[in-house]
Amino acid sequence: LESSTFDLAGHDATSIQSITRDAFSTPFPPLDQMIRITFVVGAGKLSRQKYDAKAMQILTAALRELEYVEDRGAGCSLDCAGCFKTQHDTGKNLFTVVVFPKLSASNNSSNNANGGENEEDEPLLPTNSPGYKIAVCSISTFQSLLSSQCPTYAQKRKCMECIEGLMELLQSVEDKLMGGHPLDSAEQALYDEMGELKEKLAYTQKEAAQHVDEGLLTVHEKEMLVEMNQKRISVLTKQKSSAAVAEKLKKALARKEHLQRITDEKLSSLSSTYPPPLRHESKITPLRKKLLPLLALEGKAKGGFLTLAETKALTEKEEIESEIEHLEEASYGWFEEEDAFEERLQKSRDKFNAKYAKKGSGKASGKKTSGAGRSGGGGKSVNNWVLPGQKQKGGWETSGGKKSSTKGKGGSVFSAMMLDDSSSDED
């Protein structure tokens with residue numbers, strides 16, 4: 001089984017419901033790596049008429065009926081089985097629903113070996129997830145993680161979103177305590193470990209604002225900021241006049257002028273240094289160099305016989321390619337969009353090939369990467385960022401789509417991302 005994309009253009013409500021039930025009513029067979037099933041449910045003005053106006057709503061409602069949970073931070077990890085998320089591909093102007101299917105019980109046999117009695121003791125957040133690491137690490141460790149795992153403005157914005165989700169979870173646990181209700185063991189454990197969330201949020205806001213002040217942005221990030229700024233100005237101009245509103249409007253207008261001074265030409269001139277190179281570039285480059293003569297040897301093999309030594313050397317090629325692929329995947333940021341990562345990866349490969357690859361000798365890179373098997377850190381040790389799922393009764397989901405005993409709130413933080421005074425770097 002592989003990750004696949006399906007276009008729902010021309011399908012009506014009945015057809016979409018039928019497709020969803022047929023595809024996801026029973027768990028998928030065991031998988032070594034999670035796959036993603038992407039449904040295109042809408043498009044921009046030119047293609048909008050091809051899709052049912054409520055295609056996304058119909059599809060997500062059908063998934064919820066099958067006990068799938070929405071998790072905006074879900075990725076290609078086995079921990080995200082039974083989750084889905086909605087996305088807007090601004091580059092292609094497409095609206096999609098990405099589903100990470102439930103898997104049969106054998107994937108979780110080791111987790112269930114002790115029986116159902118221990119299900120309540122499962123952690124609220126997977127301990128290998130970015131959400132958990134952000135929640136429990138010290139402020140000094142967090143500062144280091146933010147630099148290495150969230151190097152771009154867009155990723156820092158999403159990290160802010162993650163921290164706000166953690167703060168909602170913490171508040172729900174505290175509300176439970178204040179109501180005189182005892183915490184279960186998982187809630188108590190996370191409550192005891194969480195710390196310095198406000199300080200981490202403030203630091204991330206400051207670091208994100210520094211990107212804007214210094215013009216360290218991509219063209220897409222600038223467009224996102226311009227749109228946010230326009231919305232903010234529009235909201236402020238409609239509010240009742242006061243000294244506080246006037247001050248906020250003054251800052252928003254100053255931000256507008258600053259963004260206008262950051263031209264696309266200026267951003268293009270920074271493309272060699274921003275976005276930053278892959279995190280494991282220094283390890284990948286020597287392997288790519290080592291691969292070049294093997295690619296030339298492979299070309300020779302197609303045209304004739306190889307010596308025993310050449311044949312033996314060629315057996316290393318696949319191993320090197322796999323290691324390159326692993327390091328490339330491990331360079332994926334915690335909150336990085338797939339398109340953004342692919343662009344950084346291609347820039348890394350192009351830069352190497354321009355410097356080292358000889359004409360006609362082949363280009364050195366790992367195996368072709370894909371969305372499957374990638375979840376923000378590479379390999380089986382990857383880390384998914386976790387935020388509250390949007391289930392009506394609250395609750396977080398753990399591996400395999402099983403219900404946790406958490407009473408956390410849903411992901412209301414997402415709707416406030418653009419204009420919330422507490423999170424927007426317009427303030």
Side-chain angles (χ1 to χ4, degrees), residues 1-28 31 33-77 80-103 154 158 161 218-220 223-224 227 332 335-346 368-376 384-385 387 389-390 401 411 414-415 417-418:
L1 294 176
E2 297 180 350
S3 294
S4 303
T5 299
F6 300 94
D7 195 333
L8 296 182
H11 290 273
D12 59 14
T14 303
S15 176
I16 294 172
Q17 291 172 340
S18 177
I19 289 171
T20 308
R21 295 191 187 105
D22 290 346
F24 303 110
S25 58
T26 58
F28 280 42
L31 299 173
Q33 290 184 325
M34 177 53 67
I35 61 172
R36 67 172 70 196
I37 309 298
T38 303
F39 294 94
V40 181
V41 294
K45 293 181 179 179
L46 296 179
S47 303
R48 185 178 299 165
Q49 69 279 4
K50 297 179 181 179
Y51 299 88
D52 188 295
K54 295 185 177 180
M56 179 179 291
Q57 181 180 342
I58 295 165
L59 177 58
T60 55
L63 288 169
R64 288 190 179 96
E65 288 178 4
L66 297 173
E67 297 188 343
Y68 277 71
V69 63
E70 183 170 6
D71 182 351
R72 291 286 296 275
C76 279
S77 167
C80 294
C83 296
F84 70 91
K85 62 181 179 180
T86 59
Q87 291 184 324
H88 178 199
D89 186 334
T90 54
K92 299 177 183 177
N93 205 11
L94 296 176
F95 295 90
T96 62
V97 177
V98 183
V99 184
F100 303 96
K102 294 180 180 179
L103 305 178
K158 291 186 179 180
E161 194 175 331
T218 63
V219 173
H220 176 67
E223 290 172 350
M224 178 177 67
E227 183 179 354
Y332 207 104
F335 306 99
E336 190 166 19
E337 292 289 343
E338 185 172 340
D339 288 347
F341 174 74
E342 290 291 349
E343 185 177 339
R344 284 205 302 141
L345 178 58
Q346 191 59 50
K368 185 177 180 180
T369 59
S370 66
R374 184 189 303 131
S375 52
N384 303 308
W385 66 294
L387 286 175
Q390 295 181 345
F414 302 107
S415 61
M417 178 180 175
M418 293 298 183

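Keep in mind it's a predicted model, so treat the numbers as computed, not measured.
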Once you round to the nearest 0.5 Å, how far does [atom1] of [X] lie from [atom2] of [Y]?
{"X": "E337", "Y": "Q87", "atom1": "CD", "atom2": "CD", "result": "5.5 Å"}
{"X": "I37", "Y": "T96", "atom1": "CD1", "atom2": "OG1", "result": "13.0 Å"}
{"X": "T20", "Y": "E65", "atom1": "OG1", "atom2": "CD", "result": "9.5 Å"}
{"X": "E336", "Y": "E343", "atom1": "CD", "atom2": "CD", "result": "10.0 Å"}

Indicate every side-chain donor-acceptor pair of residues 8-15 with a distance under 3.5 Å to a residue at least two apart or in another chain.
| residue | atom | partner | partner atom | Å |
| --- | --- | --- | --- | --- |
| H11 | ND1 | S15 | OG | 2.7 |
| D12 | OD1 | T14 | N | 3.4 |
| D12 | OD1 | S15 | N | 2.9 |

Q. Between the main-chain N or O of L66 and the side-chain N or O of K102, is there a donor-acceptor pair closer than 3.5 Å?
A. yes

Expected list for residues 52-63: side-chain donor-acceptor pairs under 3.5 angstrom, two or more places apart:
| residue | atom | partner | partner atom | Å |
| --- | --- | --- | --- | --- |
| D52 | OD1 | K54 | N | 2.8 |
| T60 | OG1 | M56 | O | 2.9 |
| T60 | OG1 | Q57 | O | 3.2 |

Taking every non-hydrogen atom, the tightest pair across [X] and [Y]:
{"X": "S3", "Y": "R36", "result": "OG-N, 3.0 Å"}
{"X": "P101", "Y": "I35", "result": "CD-O, 3.5 Å"}
{"X": "A43", "Y": "Y51", "result": "CB-CE1, 3.9 Å"}

Q: Given side chain to side chain contact (heavy atoms under 4.5 Å, CB included), test F6 with V40 step by step and report yes or no.
A: CA-CA 6 Å; F6 300 94; V40 181; over 6 Å; no

(Q) Working note: Q17 + R21, criterion side chain to side chain contact (heavy atoms under 4.5 Å, CB included); need CA distance, chi angles, decisive distance, verdict. (A) CA-CA 6 Å; Q17 291 172 340; R21 295 191 187 105; 3.6 Å; yes

(Q) Using 30° and 60° as the class boundaries, would you call the ring planes of F24 and F39 parallel, tilted or perpendicular? (A) perpendicular

**Q.** CA sep, side-chain torsions, deciding dist, call: V97, K85, side chain to side chain contact (heavy atoms under 4.5 Å, CB included)
**A.** CA-CA 6 Å; V97 177; K85 62 181 179 180; over 6 Å; no

Q | Residue pair E338, E342: steps toward the side chain to side chain contact (heavy atoms under 4.5 Å, CB included) verdict | A | CA-CA 6 Å; E338 185 172 340; E342 290 291 349; 4.3 Å; yes

Q. Does the side chain of V69 come within less than 4.5 Å of C83's, by heavy atoms?
A. yes

Q.
So that I know where these two stand, are F84 and Y68 an aromatic pair - ring centroids less than 6.0 Å apart?
A. no

Q. Should the pair E70-R64 be classified as a salt bridge under the 4.0 Å nitrogen-to-oxygen rule?
A. yes

